[in-house]
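Working notes, beginning with the structure itself.
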2 protein chains.
Amino acid sequence: MTTKELKQVERKPRGRPRAFDTETALDTGQRLFHTSGYESVGLAALTDALGVKPPSFYKAFGSKAEFFSLVLDRYARSVLTLDDILLPGRAPVDAMAALLESAASTYARDPHQRGCLVLEAVRGLQDDESVLYARKIADSRRVQIREFIAQTHPECAAAATDYVASTLSGLSASAREGMNEARLLRVAEVAVAGLRQLLQPEGRDVTD
Amino acid sequence: MTTKELKQVERKPRGRPRAFDTETALDTGQRLFHTSGYESVGLAALTDALGVKPPSFYKAFGSKAEFFSLVLDRYARSVLTLDDILLPGRAPVDAMAALLESAASTYARDPHQRGCLVLEAVRGLQDDESVLYARKIADSRRVQIREFIAQTHPECAAAATDYVASTLSGLSASAREGMNEARLLRVAEVAVAGLRQLLQPEGRDVTD
DNA sequence: GGATTTTTATAGTGACCACTAAAGAACTTA
DNA sequence: TAAGTTCTTTAGTGGTCACTATAAAAATCC
């Protein structure tokens, strides 16, 4: 009776109801993929963890790669959200510093989910569908970054974006190799120093 | 009669002679692994390219992982040789600049062998033998770098090494994603700027 | 030439991979 | 209750993985 979802809430769907929750499944899948990597998580392990038999999984998600694509979208929406970092009016160097330092913290925070799910997926077996999905997300985020920087620094937006993208890949790789948060933060700090010279080559006020 | 190898040159080994050359096999394997990655190169593709049937391959090399380990050693000896970069008396910042810029060039030079074979292998399936071999090589190179920097900058050798290691991973990842040499070199340049501040925080002579 | 040694080729091994055909079970609609 | 719809279960599919048992072939040793 309240004004929740207007459609498909009262009226139940026709057939046998699904025995598992999609959101829970995506969450479990995200955890598995982030811990072990897309290729390492076999369908058997995946369906076991989800408490779902393969045919149900395929009925619901189509394929392992499509399921992964949903997981990637979900992850990209919830982690290092660019809308919270690329704030209007914020100096690019400050935004990039925030991004790199947040990444350093995020990538090392949970010892079982090190690095970035998207950036690590980008390096999977090269002509796999999962890699295409991950690249699409990574690319769109890089476009966002480049356009943000280009608002104030059009001449070096491309270079700065390349540098940030490369640094994020490096941070993710280092996190996966076991580098802890403190070390990653120092790496990010040095990276920001380089970026500061690129984005503000003159007129730095040395305050320390 | 000349003073070549003193042992096992005149006297031939007893059984049926090997029908392929080990060095050629390692070279072919290196090319395959570097192009497609360790996991992507199946044993069938590998033995086909080598012109060798599986039993011969296993007689000669033991396993795919052991073969890969030989390939890694060979690669590490021939690419970005640290002995040519960490020259005695050279300022660490100059050595690291040379390393990062050489890496940028090397990683993008051959479009079919992008990135670093070792660093990409480090990010394989986590408890695979191939990853252990790659990590061992990467670790020993990082120790070399850290000890070189520590000679003149003991207080920040660890941080600088972390930064260089992370940057190299980023460059390798970016190269594999298709970033060309010019762009990678600009990334390396910005990275060096950051490193310069870490290693020479005061007394920089600004010459441009 | 015959014995010994080593590598070769033939032809598979079982294990795992992502995925599915067929039929039963649980629900809504009429 | 019967029909229709959708999901779940059982039990597999063919394909690929790294790897190997067996025996023939090619060399040296005596």
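Hydrogens, waters and symmetry mates are skipped; everything else that's a heavy atom, side chains included, is used. Since this is a predicted model, take the numbers as computed values, not measurements. Every chain is numbered from 1 and lettered A, B, ... according to where its sequence line falls, protein lines coming before strand lines.
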Residue pairs passing the ring-ring contact (aromatic ring centres under 6.0 Å, His included) test where at least one lies in residues 109-157 of chain A, sequence neighbours excluded: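 The answer is none; no pair qualifies.
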What string of B, S and - do you get for nucleotides 22-30 of chain D 5' to 3' if you count protein non-hydrogen atoms under 4.0 Å? ---BBBBS-
Can you tell me which residue pairs pass the salt bridge (Lys or Arg N to Asp or Glu O under 4.0 Å) test with a partner in residues 147-169 of chain B, sequence neighbours excluded?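 Sorted pair list: A:R183-B:D162.
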Within 45° of the six-membered ring axis of A:F57 and under 6.0 Å from that ring's centre, is NZ or CZ of A:K64 located there? no
In terms of the angle between their ring planes, are A:H34 and A:Y75 parallel, tilted or perpendicular, with boundaries placed at 30° and 60°?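 Geometry flag for A:Y75 against A:H34: perpendicular rings.
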So where does chain A start and stop touching DNA chain C, 5' to 3', when the test is distance under 4.0 Å to a non-hydrogen atom?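 Endpoints of the contacted stretch of DNA chain C: C:dA18 to C:dT29.
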Are B:Y58 and D:dC19 close enough that a side-chain N or O sits under 4.0 Å from OP1 or OP2?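 Yes, such a contact exists.
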Side-chain N or O of B:K64 versus OP1/OP2 of D:dA18: is the shortest distance under 4.0 Å? yes
Ignoring hydrogens and angles, write down the donor-acceptor pairs under 3.5 Å from the side chains of residues 113-126 of chain B, residues two or more places apart or on other chains.
unit_1: B:Q113; atom_1: OE1; unit_2: B:T35; atom_2: OG1; d: 3.0
unit_1: B:R114; atom_1: NH1; unit_2: B:A175; atom_2: O; d: 3.3
unit_1: B:R114; atom_1: NH1; unit_2: B:M179; atom_2: O; d: 3.4
unit_1: B:E120; atom_1: OE2; unit_2: B:S172; atom_2: OG; d: 2.6
unit_1: B:R123; atom_1: NH2; unit_2: A:E120; atom_2: OE1; d: 3.1
unit_1: B:R123; atom_1: NH2; unit_2: A:E120; atom_2: OE2; d: 2.9

Residues two or more places apart in sequence or in another chain: which of them pass side chain to side chain contact (heavy atoms under 4.5 Å, CB included) with B:A191?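 By the side chain to side chain contact (heavy atoms under 4.5 Å, CB included) rule, B:A191 matches A:Y163, B:L100, B:Y163, B:T167.
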Sugar-phosphate, base or nothing in reach of B:F20, heavy atoms under 4.0 Å: sugar-phosphate
Can you check the A:L50 CG to D:dC7 P distance for me, whole Å?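 These atoms are roughly 16 Å apart.
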